[in-house]
Amino acid sequence: MPELPEVETIVRGLRPHLPGRIVTRVRVRRNDVLTVPARSFAAAVRHRRVREVLRRGKNVVLPLDGGSVVVVNLGMTGRLLPDPHPSPRHVALVLELDDGGRLVYDDVRRFGRWEVLDADAWAARSAALGPEPLDPAYRPEELAAALARSRAPLRSWLLDQRRIAGVGNIYANEALHLAGLHPRTPARNVAPERAYALHEALVRVLRAAIEAGGTTIRDYRNTDGAPGRFAPALRVYGRDGLPCPACGAAVRRIVFGGRSAFHCPRCQPEDA
DNA sequence: AGTGTATCCTGCAGGC
DNA sequence: TGCCTGCAGGATACAC
């Protein structure tokens, strides 16, 4: 569910609450959001101070005093809620803080994961992720060169976190529409100028979505429990049969890689 | 190196 | 009302 813009919105919402706070207690209500036993997770986090709140791809990253790092992936339905009232319906984990506050993790489907990694393990994990699309150091030429090395369909390529970090199904489809590229086009078939257009489209849609506080289809909520406001700006995602905002042709839904892809047959021709 | 399929879960919308 | 199917912002593991 949460892609880069949603996670960025959440991270920004956590910043007023967490840095400098000490975790006084860890309450695990659902063991399946952890990859290790609850007691070892709690032992690694308890009594530690949260230094800052960062984002890497779709992960919320909480570096702790002592060098270890809490990494939260929200899966499809994860929510991070500082001190919500009343308590949400699917609480999986709670951090209690030294100022009396709490950080509540709610996750209906429990596809989300919490991990604690030491500094080396975190460095390795982060290195396995692709570049951040909004990093000014990420240049269009780098995207073009990387695309040229793969036969994967563009939509699949964009979803692969090892190739580019933070892009999910909504913004992959939206960026491809903005760039006039068919979701199924093999990555290596994309000419450099078109790859530059895709780079620009990614940056544009991700920035605009952050500006709007993310996209809420159904479950996504920010740290205040409020939905994002980007959904009305979606051009193709979830709009099967509705008119393309650019040309009026009916948006089409296709399925590959086990997931829906949306495109305008006129603006995004198959052979382009 | 790709693709398709299944899996982890719950909830909701739509068809009958 | 109820039952059934399909679908969902993710990630991974498997066989081919």
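Letters A, B, ... mirror the listed sequences (proteins, then strands); counts begin at 1. Computed from a prediction, not measured in an experiment: that's the story for all the values here.
- Evaluation of the side-chain hydrogen bond (donor to acceptor under 3.5 Å, both in side chains) test over residues 206-215 of chain A, restricted to residues two or more places apart or in two chains, returns A:Y171-A:T215.
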Pairing string, 5' to 3', for DNA chain C - Watson-Crick or wobble contacts under 3.5 Å, brackets [ ] where pairs cross, | to another strand: .|||||||.|||||||

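- Atom CZ in A:R30 sits roughly 15 Å away from atom P in B:dC8 (whole-Å rounding).
- Here C:dG9 presents its P atom at 19 Å from CZ of A:R55, a figure rounded to the nearest Å.
- Side chain to side chain, A:H263 and A:R252 fail the donor-acceptor criterion of an N or O pair below 3.5 Å.
- Of the candidate nucleotides B:dC9, B:dT3, C:dG9, B:dT3 has the atom lying nearest to any side-chain atom of A:P153.
- Between B:dC9 and A:H90, no contact under 4.0 Å exists linking OP1 or OP2 to a side-chain N or O.
- Checked for salt-bridge contact, A:R21 and A:D99 meet the test: a charged N lies under 4.0 Å from a carboxylate O.
- If you take CG of A:D219 and P of B:dC12, they are 9 Å apart, rounded to a whole angstrom.
- The P atoms of C:dG2 and B:dC9 are separated by 27 Å, rounded to the nearest whole Å.
- In this structure, A:R253 reaches the C:dC7 phosphate: one of its side-chain N or O atoms is under 4.0 Å from OP1 or OP2.
- Atom CH2 of A:W157 is separated from atom CZ of A:R151 by 16.0 Å, given to the nearest 0.5 angstrom.
- Using a cutoff of 4.0 Å between basic side-chain nitrogens and carboxylate oxygens, A:R48 and A:D65 are not scored as salt-bridged.
- Following rounding to the nearest Å, A:R162 (CZ) and C:dA13 (P) show an atom-to-atom distance of 10 Å.
- Between B:dA6 and C:dG6, the two P atoms lie 12 Å apart (nearest whole Å).
- Atom CG in A:L206 sits about 16 Å away from atom P in C:dG9, given to the nearest Å.
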Return the polar atom pairs (N/O with N/O) between nucleotides 10-12 of chain C and the protein under 3.5 Å, or none.
| residue | atom | partner | partner atom | Å |
| --- | --- | --- | --- | --- |
| C:dG10 | OP1 | A:K58 | NZ | 2.6 |
| C:dG10 | OP2 | A:R259 | NH1 | 2.9 |
| C:dG10 | OP2 | A:R259 | NH2 | 2.1 |
| C:dA11 | OP1 | A:N73 | ND2 | 3.3 |
| C:dA11 | OP2 | A:K58 | NZ | 2.9 |

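- Using a 4.0 Å heavy-atom cutoff across all strands shown, A:T77 reaches no nucleic acid atom at all.
- Side-chain nitrogen and oxygen atoms of A:Y171 include none within less than 4.0 Å of the OP1 or OP2 phosphate oxygen of C:dG9.
- If you find the closest nucleotide of DNA chain B to A:D32 and to A:A152, the one lying nearer the 5' end belongs to A:A152.
- Between the CZ atom of A:R221 and the P atom of C:dG9 there is a distance of 16 Å, given to the nearest Å.
- With hydrogens and angles ignored, the 3.5 Å screen pairs no side-chain donor or acceptor of A:N173 with any backbone N or O of A:A261.
- Distances were taken from every side-chain heavy atom of A:T216 (C-beta onward) to each of B:dG2, C:dG9, C:dA8; the shortest belongs to C:dG9.
- By the rule that a glycosidic angle within 90° of 0 means syn, C:dG10 does not qualify and counts as anti.
- With salt bridges taken as basic N to acidic carboxylate O contacts below 4.0 Å, none links A:E174 and A:R235.
- Distance from the side chain of A:R110 is smallest for B:dT10 among the nucleotides C:dA8, B:dT10, B:dG4.
- As rounded to whole Å, 14 Å separates atom C1' of C:dG6 from atom CG of A:D240.
- At B:dT3, none of the side-chain N or O atoms of A:R184 fall inside 4.0 Å of OP1 or OP2 (strictly under the cut-off).
- Not one side-chain nitrogen or oxygen of A:S150 sits closer than 4.0 Å to the OP1 or OP2 atom of B:dA1.
- Between A:N169 and A:R155, the side chains place a donor N or O and an acceptor N or O closer than 3.5 Å (distance only, hydrogens not considered).
- Taking a cutoff of 4.0 Å between a charged side-chain nitrogen and a carboxylate oxygen, A:D32 and A:R30 do not qualify as a salt bridge.
- Residue A:W157 contributes atom CH2, which lies 15 Å from atom C1' of B:dA1 at whole-angstrom precision.
- Separation of the P atoms belonging to B:dT5 and C:dC7 is 13 Å when rounded to the nearest angstrom.
- Ring centroid separation for the pair A:Y138 and A:H199 comes in under the 6.0 Å cut-off.
- A:R163 comes within 4.0 angstrom of the backbone, heavy atoms only, and of no base.
- A donor-acceptor contact closer than 3.5 angstrom is absent between the side chains of A:T77 and A:R109.
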